[in-house]
Enquirer: 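The structure is given below, and queries will be raised subsequently.
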Amino acid sequence: VLPGSAHPLASWASTFTFDGAAGAWSLEQPWSGIPARVGATVALREKDGATWLFGGSRTAQSQPLQDVWRLEEDGSWISVVPPLSPVATGADKTVPALAHAAAVWDPVSKRVLLASGFSLESGQLTPSNTLWSFVPETGEFAKEDDQGDVPEALMQGAIFASAAEPGEAWLAGVALDPQSGGAGKLGSGTLNLYSLDLSVLNWSQDEGASLSVGTSHGLMAIIGGVSSAGLDVAYLTLDGALAAGTFDGDSWVIGGLGA
C-alpha cells in the first residue's frame, strides 16, 4: 500500500504490506527519494514489473503535483519528470496535474494511459474526463483524442485495468452526482463500466454493466483487478459495508471474487 493520508492536512512516506494468509499488516521501510503524498497514481507493466508513480498531492487539501517517479530494483524511486515549484504548479499544460487518477499499461502502443481523478485547471481542482498518455522512453505526455462513449467525470477511486480480451482495457468507477457541483463528495450510487479499444482509443459503455452500490453517496474506496473470472471489484460504502462483485464480460456476479 502506497503512502496516503489519514488527515486532510497531513500525509506520510511509509509503505505497508498486507499478508493475506495471516490477515495482518506490517510497516515497511520509508520511501526512498520521493516526498510524501496522497492520491498518487501507480502504473504497472506486468511483464517485467516496471512501475511508475504519477502526481498526487502533498496533503488532501493541497494542489496536485506534476511529477513522475520510477521504482528501482532496490526499492528506491528516481525522478522521471521533475516536480514544479508550488507557485508554478499547473503552468505547464503539457504535463497533467492529477490526483486520484487511474492508470493502466497499454501494451499496444507501449505507454501508460491515465484517466479520471481530479486535475488542476486554471487554478481550480476539477473532475477530469481527459485521457492522458505517458511514454516512458521519452518522458512525454499527450492528451489523447479518444472517441465513442467517453466516460463522464468519475469519483476518486476508479479502476483502470487490462481486460480479459487482448487490446482492451476496462475503466470502472462511480459517476459524480450533478448535485455535488463537481466537488466530488457525492456519487450517483451506480458503478459504471467502460471498455476501451486500445488500438483506436474508442470507448464503449454497456448499460447492462452498471452495478448499483446501494448508496446515494457513492463509494469511499474501490479496488480491483482482472482475474480468470473477469473484472473483480471490492468496494467500501459510506455506511462501512464491504461488498464485492465480478464482471464476467456480460453481467455482474455479486459475492466472492474470482480466482
Side-chain angles (χ1 to χ4, degrees), residues 2-5 8 11 13 31 34-45 51-71 77 79-106 111-136 138-146 150-161 169-176 180 182-185 187 194 196 201 203 218-219 221-223:
L2 297 170
S5 175
S11 59
W31 276 24
I34 182 172
R37 61 192 60 210
V38 60
T41 302
V42 173
L44 172 67
R45 186 168 59 198
T51 304
W52 298 270
L53 180 142
F54 301 86
S57 55
R58 295 293 171 82
T59 72
Q61 293 185 352
S62 60
Q63 294 180 336
L65 303 167
Q66 289 181 277
D67 53 354
V68 182
W69 300 78
R70 185 179 71 240
L71 181 64
W77 294 86
S79 175
V80 177
V81 176
L84 298 175
S85 66
V87 294
T89 299
D92 186 352
K93 303 302 182 183
T94 66
V95 178
L98 288 172
H100 302 287
V104 68
W105 173 254
D106 176 3
R111 58 188 176 178
V112 176
L113 298 177
L114 298 106
S116 188
F118 294 85
S119 63
L120 188 64
E121 303 287 345
S122 302
Q124 299 293 323
L125 199 59
T126 305
S128 174
N129 59 357
T130 299
L131 181 66
W132 286 89
S133 65
F134 173 77
V135 180
T138 63
E140 295 180 342
F141 285 92
K143 281 186 177 181
E144 296 297 333
D145 184 23
D146 47 333
V150 177
E152 55 191 314
L154 302 174
M155 290 186 69
Q156 65 187 51
I159 300 169
F160 210 1
W170 280 327
L171 176 66
V174 175
L176 288 170
S180 71
K185 297 180 180 179
Y194 302 84
L196 177 64
L201 295 184
W203 294 96
L219 305 179
I222 175 173
I223 58 174

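Every heavy atom of this structure was used, including side-chain atoms; hydrogens, water molecules and symmetry mates were not.
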Enquirer: Please name the pair of heavy atoms, one in W105 and one in R111, separated by the smallest distance, quoted to 0.1 Å.
Expert: CE3-O, 3.3 Å
Enquirer: Anything under 30° is parallel, anything over 60° is perpendicular, the rest tilted; go ahead and classify F134 against F141.
Expert: tilted
Enquirer: Taking all atoms of both residues into account, what is the closest heavy-atom pair of V112 and A43, and its distance?
Expert: CG1-CB, 3.6 Å
Enquirer: Can you tell if the side chain of R58 reaches within under 4.5 Å of the side chain of L65, non-hydrogen atoms only?
Expert: yes
Enquirer: Identify the two heavy atoms, one from S119 and one from L98, that lie closest to each other, and give their separation to 0.1 Å.
Expert: CB-CD2, 3.7 Å
Enquirer: Heavy atoms, side chains only, cut-off 4.5 Å: are W52 and V81 in contact?
Expert: no
Enquirer: Are S116 and F160 side-chain neighbours, meaning at least one heavy-atom pair lies under 4.5 Å?
Expert: no
Enquirer: Could you pull out the closest heavy-atom pair between T41 and A101, with the gap in Å?
Expert: OG1-O, 3.0 Å
Enquirer: Check P64 against F118 and note the closest heavy-atom contact, atom names and distance.
Expert: CG-O, 4.3 Å
Enquirer: Going by the side chain to side chain contact (heavy atoms under 4.5 Å, CB included) test, name the single residue among V42, V68, V95 that passes it with F54.
Expert: V68
Enquirer: Which value, rounded to the nearest 0.5 Å, describes the distance between T130 atom OG1 and E144 atom CD?
Expert: 11.0 Å
Enquirer: Do the non-hydrogen side-chain atoms of L113 and L201 ever get within less than 4.5 Å of each other?
Expert: yes
Enquirer: Nearest 0.5 angstrom please: R37 CZ to D67 CG, how far?
Expert: 4.0 Å
Enquirer: At their closest point, which heavy atom of L131 faces which heavy atom of A115, and how far apart are they?
Expert: CD1-CB, 4.1 Å
Enquirer: Is the shortest heavy-atom distance from the side chain of Y194 to the side chain of E152 under 4.5 Å?
Expert: yes
Enquirer: Tell me, do N129 and P151 make a side-chain contact under 4.5 Å, heavy atoms counted?
Expert: no
